[in-house]
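What's counted below: heavy atoms across the whole structure, side chains too, no hydrogens, waters or symmetry copies. Order of appearance sets the numbers: ligands from 1, and atoms from 1 within every ligand.
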Amino acid sequence: MLKFQCRNSCILLEKTALSLDRESKLAVTLGDPAGIGPEVILKALAEPAAGLRITVIGSRRVLQETYDRLRSSNPAAQAANPETLNIIDIEPDSKWGEIVPGVGSAASGAASFAYMESAIGRTLAGEFSAIVTAPISKTCWQAAGYNYPGQTELLAERAKSQRFGMLFAATSPHSGWTLVTLLATTHISLRQVPDALTPELLSEKLELLVECLREDFGLERPKIAISGLNPHSGENGKLGNEEQDWMIPWLETQRDRFPQVQLDGPVPPDTLWVKPAKVWYGLAKEAHDGYLAMYHDQGLIPVKLMAFDRAVNTTIGLPFVRTSPDHGTAFDIVGQGLADASSMKAALQLAAQLASRRTAVKIGR
Ligand SMILES: NC(=O)C1=CN([C@@H]2O[C@H](COP(=O)(O)OP(=O)(O)OC[C@H]3O[C@@H](n4cnc5c(N)ncnc54)[C@H](O)[C@@H]3O)[C@@H](O)[C@H]2O)C=CC1
Ligand SMILES: NCC(=O)COP(=O)(O)O
């Protein structure tokens, strides 16, 4: 039940009111062709928002087979017919081997990598203003010989972005509030996290978050909560030293650096998510505009608990917009018609909104 209207509610709705820039062209990569990417793309494109110009990059044959399977098990299934879509067709290379639905392999990894390469090259050449990526399997990329932790790192490398971040945005269906979470570290082992976290890294990530809240979400004076690392943020050094040793002094320097931004932290990680959860469910009014989590699961467990069906993964710091659903390849449900396309729909919508907004800012509308 919605009890309160909150401060940043409708930041995305405000942008929905922006007329979608007719020049914004979105590339949608198929993701791992053995995963649910093809299914969520066809479902999400069943009724694309008016004004979107979308090109799917991947295998036309895989899309057609996915469509035929969906319609044969459920003739009323809402899915776009591939014949109606703009597709840049990249057929599997015979040397990759066979691609089997529901089974990730070196072949499916090589295919999903080729779709990304095409999308990135074309976007850097100016053909598209945004890339929406369906999920890939990191294991399959590795099996195909591509040594990247994920699509984020490939995008950053090809775009020559030294400074980039993995950010999740989700708008609550209960309150209209948008939860924005940036991960300070991403695809590394838990054991590596304390060494990876440094004042320099956090300064860079905080700067990216402030820029994103201002430029993409229109919040000039955002309120940001920064998580601690240890239980109870170290309990004055009794349960870990990072907070006392450098995080608290670092945060002081950032308050001087960003006088217009309210910076709270290091907040004990277990309680950090209580307020946003209440605001998400419409049970409270006030939460922060942005959250900086120290590591992957510290940020993504609460995001996925609240918003698995609608959170969008966005790479910030690139010269173009990139969004993606928050879920993975879900090999276990491929071919059953069960894949929920809501997160893919949200990723398409956010990409279009961000691309329109960036164009509007560029031309001073
Ligand atoms: N952006 C990306 O490319 C991402 C890729 N992955 C990759 O996906 C692979 C599988 O990862 P998992 O941890 O198993 O996560 P997953 O998200 O693929 O699956 C977790 C569970 O959620 C279900 N599920 C996922 N998406 C769903 C949807 N749209 N509708 C209905 N049910 C859904 C699956 O059936 C499974 O039970 C890994 O290789 C991982 O690296 C994971 C997250 C994001
Ligand atoms: N858990 C987030 C994730 O795996 C994102 O991966 P990618 O977008 O970098 O491929």
Side-chain angles (χ1 to χ4, degrees), residues 28-44 58 66 70 77-79 101-106 108-109 111-113 115-117 119-120 130-144 146-159 161 164-170 181-190 293 295-305 307-318 321-348 350-351:
V28 179
T29 57
L30 199 62
D32 192 304
I36 58 168
E39 181 176 332
V40 294
I41 289 172
L42 293 180
K43 285 179 170 173
T66 305
L70 268 172
Q78 293 294 302
V103 183
S105 62
S108 67
S112 62
F113 195 86
Y115 310 150
M116 280 297 286
E117 292 238 84
I120 297 170
I131 305 179
V132 181
T133 63
I136 59 96
S137 155
K138 285 101 179 138
T139 307
C140 298
W141 272 18
Q142 302 281 332
Y146 298 114
N147 194 20
Y148 292 88
Q151 301 181 93
T152 305
E153 292 78 8
L154 173 68
L155 285 153
E157 182 195 276
R158 295 295 152 90
S161 297
F164 60 96
M166 190 184 287
L167 179 132
F168 289 77
T181 306
L182 179 67
L183 307 180
T185 59
T186 54
H187 290 137
I188 57 175
S189 73
L190 204 46
Y295 57 93
H296 185 276
D297 292 358
Q298 187 186 69
L300 288 189
I301 289 173
V303 165
K304 291 193 176 183
L305 273 175
F308 190 48
D309 55 346
R310 62 190 63 235
V312 178
N313 170 8
T314 309
T315 310
I316 55 174
L318 298 176
V321 172
R322 182 270 174 145
T323 66
S324 184
D326 65 347
H327 59 78
T329 49
F331 290 127
D332 56 324
I333 58 165
V334 169
Q336 300 174 39
L338 297 174
D340 179 352
S342 310
S343 181
M344 176 52 95
K345 279 187 195 158
L348 287 165
L350 184 61

Without swapping roles, check the side chain of [X] against the backbone of [Y] for a donor-acceptor pair under 3.5 Å.
X	Y	result
Gln336	Asp332	yes
Ser112	Ser108	yes
Lys345	Arg310	no
Ser161	Phe164	no
Ser324	Thr133	yes
Glu39	Ala339	yes
Thr314	Ile316	no
Thr323	Ala347	yes

Residue [X] vicinity, atoms of ligand 1 by number, heavy atom under 4.0 Å:
X	result
Pro135	2 (C), 3 (O)
Ala339	30 (N)
Ile136	3 (O), 5 (C), 6 (N), 7 (C), 8 (O)

Quick one: does [X]'s side chain get under 4.5 Å of [Y]'s, heavy atoms only?
X	Y	answer
Leu167	Thr181	no
Ile131	Thr29	yes
Leu154	Trp141	yes
Tyr146	Cys140	no
Asn313	Arg322	yes
His187	Lys138	yes
Lys43	Gln78	no
Asp340	His327	no

Which heavy atom of the protein is the closest neighbour of [atom], given with residue, atom name and distance?
atom	value
atom 30 (N) of ligand 1	Asp340 N, 2.8 Å
atom 10 (O) of ligand 2	Gln151 N, 2.8 Å
atom 37 (O) of ligand 1	Asp332 OD2, 3.1 Å
atom 9 (C) of ligand 1	Thr329 OG1, 3.1 Å
atom 1 (N) of ligand 2	His296 NE2, 2.9 Å
atom 1 (N) of ligand 1	Ser324 OG, 3.6 Å
atom 27 (C) of ligand 1	Ile36 CD1, 3.8 Å
atom 4 (C) of ligand 1	Lys138 NZ, 3.5 Å
atom 9 (O) of ligand 2	Thr152 OG1, 2.6 Å
atom 44 (C) of ligand 1	His327 O, 3.3 Å
atom 32 (N) of ligand 1	Ile333 CD1, 3.6 Å

Can you sort out which atoms of ligand 2 are near [X], meaning under 4.0 Å from one of its heavy atoms?
X	result
His187	1 (N), 2 (C), 3 (C), 4 (O), 5 (C), 6 (O)
Asn313	5 (C), 8 (O)
Gly150	9 (O), 10 (O)

I want to know if ligand 1 touches [X] in the polar sense, i.e. an N/O pair below 3.5 angstrom.
X	result
Ala330	yes
Phe308	no
Gln151	yes
Asp326	no
Lys304	no

TODO: Pick, from Gly104, Gly150, Gly328, the option with the minimum heavy-atom distance to atom 15 (O) of ligand 1.
DONE: Gly328
TODO: Would you mind finding which of Arg322, Lys304, Lys138, Met116 brings a heavy atom closest to atom 6 (O) of ligand 2?
DONE: Lys138
TODO: Report the part of Ser137 (side chain from C-beta onward, or backbone N, CA, C, O) that has a heavy atom under 4.0 Å from ligand 1; answer both or neither where that applies.
DONE: both
Task: Within reach of ligand 1, part of Thr133 (heavy-atom separation under 4.0 Å) - done: neither
Task: Under-4.0 Å heavy-atom contact with ligand 2, by part of Leu300 that carries it - done: side chain
TODO: Mind checking whether Asp326 contacts ligand 2 via backbone (N, CA, C, O), side chain (CB onward), both or neither, at a 4.0 Å heavy-atom cut-off?
DONE: neither
Could you tell me whether [atom] has at least one protein heavy atom nearer than 4.0 Å?
atom	result
atom 17 (O) of ligand 1	yes
atom 22 (O) of ligand 1	yes
atom 6 (N) of ligand 1	yes
atom 35 (O) of ligand 1	yes

Task: Flag for Glu157-Tyr148: side-chain donor and acceptor within less than 3.5 Å - done: yes
Task: Counterpart residues, side-chain hydrogen bond (donor to acceptor under 3.5 Å, both in side chains), relative to Asp326 (two or more places apart) - done: Ser343
